[in-house]
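Just so we're clear, the structure is a prediction, and the values are computed from it rather than from any experiment. Basis for what follows: all heavy atoms, side chains included, without hydrogens, waters or symmetry-related copies. Throughout, a chain's letter reflects where its sequence line sits, starting with A, and its residues are numbered from 1.
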Number of protein chains: 2
Amino acid sequence: MSYVKYSKMDSASALSAFSIKGSFMSRIAVIIADMFEDVEYTEPAKAFEEAGHEVVTVGLKAGETVRGKKKQTPVKVEKSVNDVSADDFDALLIPGGYSPDKLRGYAKPVQFVKDFVESKKPVFSICHGPQLMITADVLRGRSATGWKSIAQDLKNAGANYQDKEVVEDGNLVFSRGPGDMPAFIRASLAKLG
Amino acid sequence: MSYVKYSKMDSASALSAFSIKGSFMSRIAVIIADMFEDVEYTEPAKAFEEAGHEVVTVGLKAGETVRGKKKQTPVKVEKSVNDVSADDFDALLIPGGYSPDKLRGYAKPVQFVKDFVESKKPVFSICHGPQLMITADVLRGRSATGWKSIAQDLKNAGANYQDKEVVEDGNLVFSRGPGDMPAFIRASLAKLG
């Protein structure tokens, strides 16, 4: 790739924190488990990397391969959620499918998401992604959207649910599902600046 | 089978409404879609039929075959939810897995579940089954349990969530998942009388 990769974890100089396009390069965590909605990981991750950002997959167990629910896309989990913190990253992506349902049954991924939302760093969630934020109880009073099946859960969690392709509230970007992908990616990239 | 099958929809005589064990025979709807948790359909259905009750699968489309998420158990949908009402049955079973997530995105299955709960007929739900009741908004003030990932959703829906193998509240029977199966079946059969 033609751009300089930057990570707060490595010893890259401040200069390398700028992409060839002149914008700040972010290190983006993706919290992921089996049965993620394939394109909700692959498409944003591709767009983020093409824009010069770094994408790091975070899951229950470092080194394991998780698979998407439709296309069986294999994704290697780079970091265990037990070994990282929100401080190590600049932003968070939560793909949907049934990955969030699997993750929200554990305390660590829920705390990781909670820390991100409270840190005011950008959090991009799509489809069933907001389920993790519901369990983290961080949506009270926030505008949000998500897959239609979780609409009532979002309302009950205190969110102002809106049936729109993109809903933004402060550091949070939400979309409903794969059909909203171009708008979701556009809004997410804009938050990374 | 050695028992007499009874259905309120057919012209069976009142006498045939009693099983060989002397109890009333119920016609039990199972609301089901793809990716149900296999044993949460197969085991209660087997137990209900063995006790002399009738089990009727109800889904989005009559005649389609849906499959379980783990064992790919094929189940033929006998009735479309568009063609039946809670009046046609004596009880409802809601298996878990990701079937409830698929069903709760549609108005008819949600209304079907709502009608059952409000009719005071027995409703047996396990694992992710209560998600349909959350969308139907019928859990306010009721005691409930379910799979750990939906615990916060149940609380937010106004339920008194309890981490127990069986929770009963009036006509409702809940269990957390496959590990609670014997207790779930026992409590459900008891409600059928």
Does B:Ile126 share a hydrophobic cluster with B:Val75, counting links as ILVMFWY side-chain heavy atoms below 4.5 Å and allowing steps through other members? yes
Nearest heavy-atom pair of A:Arg104 and B:Asp153: which atoms, and what distance? NH1-OD2, 2.9 Å
Decide side chain to side chain contact (heavy atoms under 4.5 Å, CB included) for A:Lys69 and B:Tyr98; before the verdict, give the C-alpha distance in whole Å, the side-chain angles of both, and the deciding distance to 0.1 Å. CA-CA 12 Å; A:Lys69 83 181 169 84; B:Tyr98 296 123; over 6 Å; no
Any side-chain heavy atom of A:Thr135 within less than 4.5 Å of one from B:Lys148? no
For the atom pair CD (B:Gln152) and CE (A:Met133), what is the distance rounded to the nearest 0.5 Å? 14.0 Å
Largest heavy-atom contact set with chain B, pairs under 4.5 Å, which of A:Ile150, A:Asp137, A:Ile134: A:Ile134
Any side-chain heavy-atom pair of A:His128 and B:Asp101 under 4.5 Å: yes
A:Trp147 reachable from A:Val39 in the ILVMFWY side-chain graph, under 4.5 Å edges: no
Hphob cluster co-occupancy, A:Met35 + A:Leu60, side-chain heavy atoms under 4.5 angstrom: no
Might you confirm whether atom NZ of B:Lys191 has over 12 heavy atoms from other residues, nucleotides or ligands at distances under 6.0 Å? yes
